[in-house]
Amino acid sequence: MPEHDFRSPRLFVDAPLNAGAIVPLERDQSNYLGNVLRLGSGDTVLAFNGRDGEWRAAISGRKRADTLTITAQTRAPDRLPDVTYVFAPLKHARLDYMVQKAVEMGAARLVPVLTRFTQVSRVNGERMRANVVEAAEQCGIISLAEVADPLPLERFLAGRDQARLLVFCDEAAEVENPVQALQAATTANSGIDVLIGPEGGFADEERTLLLRQPSILRLALGPRILRADTAAVAALALVQAALGDWRGSDGRTSGRVPSPLAGEG
C-alpha cells in the first residue's frame, strides 16, 4: 500500500484543484475546520474532489476559515476497481453504515434495488452521497463512488451489462469455499456486480430470475445467516481479495493492512 498522510485532515471540495487555485469553503466546512478541528489561517489540510487527485491546501481567513489555497499535489488521480455494489436498502443508521463500509471496501458504484421483501420503499440519495463523501474523507480515498437512483430488481437485471460477472450472494446456496469459487470465476475484464438481498431474503420468483442470468456466480457467505449490512462487508471483502485490488501486482492477495486513520471515531 502506498504511503499516505493519515495525520492531516482531509476535506472534499466540489471545485477544480490545481496549484494556486483558491477554493471557497462552505459554511459547514468552515465551522468544522475552525470550531471542531481548531484550525486557522496558515494551517494546512488535504483536499480532493474525486477527479484531480489529492492536494495540500492552506487555510485562509481572518475570523474563520474562508478559503483554501491549493499548493501542491500529494497524490495523483486514481481509479476504483470496477465493482458495483447492488443492494436492497435498509433503514436509516444501518443504511448509513452499509454505504460507508461499501465505500471503504472500494466499491465504485452503489445501486439500491427494490425487491419483494425490501424494508424501505424510499431512499434518500443525498444522504447516501453524504455518507460516501464522509467515508472517503476519513479513509484516504481519492475517487468517489457513484450513487445510482433506486430501481426495481427486475429493471436492474434487464439493463445491466450481461458480460459483467454477477456475484449473487444467496443464503439458500450450498455452502462451499467462496474464495475458491470466486478465483475460478471468469470476469472477462468487464467488471463485477455484487448483489446482496433484503433481510427477508429473495422471493422464489426473484431467485429464479437471478439464476437465469448469464455470467452469474451464486455464492453462500458461510454457514451462518448474516444481516444485510454484515453481508455487504463479507461479500465485498471476498470479491476484493479474490478478484479485486486487494491482490498484489503478481495477482496474489496482499498481506498488508491499511493503517487506521488517526483520530477516526
Side-chain angles (χ1 to χ4, degrees), residues 1 79-88 90 94 97-113 115 117-118 135 139 145 153 156-157 160-260:
M1 180 177 179
R79 293 183 62 185
L80 294 168
D82 191 3
V83 174
T84 295
Y85 177 54
V86 188
F87 60 96
L90 302 173
R94 292 184 59 207
Y97 172 88
M98 186 166 65
V99 169
Q100 291 167 3
K101 299 311 163 188
V103 171
E104 291 178 36
M105 304 300 284
R109 190 165 184 255
L110 309 180
V111 181
V113 292
T115 69
F117 300 127
T118 297
C139 297
L153 174 64
F156 166 75
L157 293 175
R160 68 180 293 270
D161 182 352
Q162 302 290 301
R164 295 174 64 85
L165 175 66
L166 176 60
V167 179
F168 169 31
C169 299
D170 185 6
E171 71 276 5
E174 291 293 329
V175 177
E176 299 176 351
N177 186 320
V179 175
Q180 290 181 356
L182 285 163
Q183 289 175 336
T186 301
T187 62
N189 296 320
S190 297
I192 304 170
D193 298 330
V194 181
L195 173 63
I196 298 287
E199 298 284 68
F202 290 98
D204 290 341
E205 61 271 21
E206 292 170 337
R207 183 174 284 106
T208 298
L209 178 62
L210 283 162
L211 293 177
R212 291 175 180 165
Q213 300 300 306
S215 304
I216 188 169
L217 174 62
R218 189 184 186 195
L219 202 67
L221 298 176
R224 289 165 291 279
I225 299 297
L226 304 179
R227 294 178 64 162
D229 43 355
T230 308
V233 178
L236 289 168
L238 287 167
V239 167
Q240 289 286 50
L243 300 173
D245 65 357
W246 284 18
R247 299 177 299 166
S249 58
D250 58 358
R252 294 180 297 179
T253 301
S254 170
R256 303 182 67 182
V257 179
S259 302

Item checked: Donor-acceptor under 3.5 Å (Q240 side chain, M105 main chain) -> yes
Check: Which heavy-atom pair separates A235 from I196 by the least distance, and what is that distance?
Finding: CB-CD1, 3.9 Å
Next item on the list: Can you measure from CG (L209) to CZ (R207) and round to the nearest 0.5 angstrom?
Entry: 12.0 Å
Checklist line | Flag if over 12 foreign heavy atoms under 6.0 Å of CD, E174 | finding: no
Check: With a 4.5 Å limit on heavy-atom distance, are the side chains of V194 and T84 in contact?
Finding: no
Notebook entry, point to check: Taking all non-hydrogen atoms of both residues, which atom of Y85 and which atom of A102 are closest, and how far apart?
Noted result: CD2-CB, 3.9 Å
Next item on the list: For D245 and P81, work out which heavy atoms get closest and say how close.
Entry: OD2-CD, 3.4 Å
Check: Taking atom CG of L166 and atom OG of S215, what is their separation to the nearest 0.5 Å?
Finding: 8.5 Å
Residues 218-227 side chain polar contacts: donor-acceptor under 3.5 Å, at least two apart:
unit_1, atom_1, unit_2, atom_2, d
R218, NE, D170, OD2, 2.7
R218, NH2, D170, OD2, 2.8

Notebook entry, point to check: Roughly how far, to the nearest 0.5 Å, is CG of L217 from CG of L195?
Noted result: 12.0 Å
Item checked: Euclidean distance, L210 CG relative to C169 SG, rounded to 0.5 Å -> 11.0 Å
Item checked: From CD1 (I192) to CG (D82), nearest 0.5 Å -> 8.0 Å
Notebook entry, point to check: With a 4.5 Å limit on heavy-atom distance, are the side chains of F87 and L110 in contact?
Noted result: yes
Margin query: By the side-chain hydrogen bond (donor to acceptor under 3.5 Å, both in side chains) test, which pairs, at least two apart or in different chains, include something from residues 191-201?
Written below: R94-E199, R160-D193, R164-D193
Checklist line | ring-ring contact (aromatic ring centres under 6.0 Å, His included) partners of F168, counting only residues at least two apart | finding: F202
Margin query: What's the separation between atom SG in C139 and atom CD in Q100, rounded to the nearest 0.5 Å?
Written below: 8.5 Å
Item checked: Minimum-distance pair of heavy atoms, taken over all atoms of T115 and P198 -> OG1-CG, 3.3 Å
Notebook entry, point to check: Which heavy-atom pair separates A228 from G197 by the least distance, and what is that distance?
Noted result: CB-O, 4.0 Å
Next item on the list: Please name the pair of heavy atoms, one in L80 and one in A145, separated by the smallest distance, quoted to 0.1 Å.
Entry: CD1-N, 4.1 Å
Next item on the list: Carefully, step by step, assess L90 and D229 under the rule side chain to side chain contact (heavy atoms under 4.5 Å, CB included).
Entry: CA-CA 8 Å; L90 302 173; D229 43 355; 4.2 Å; yes
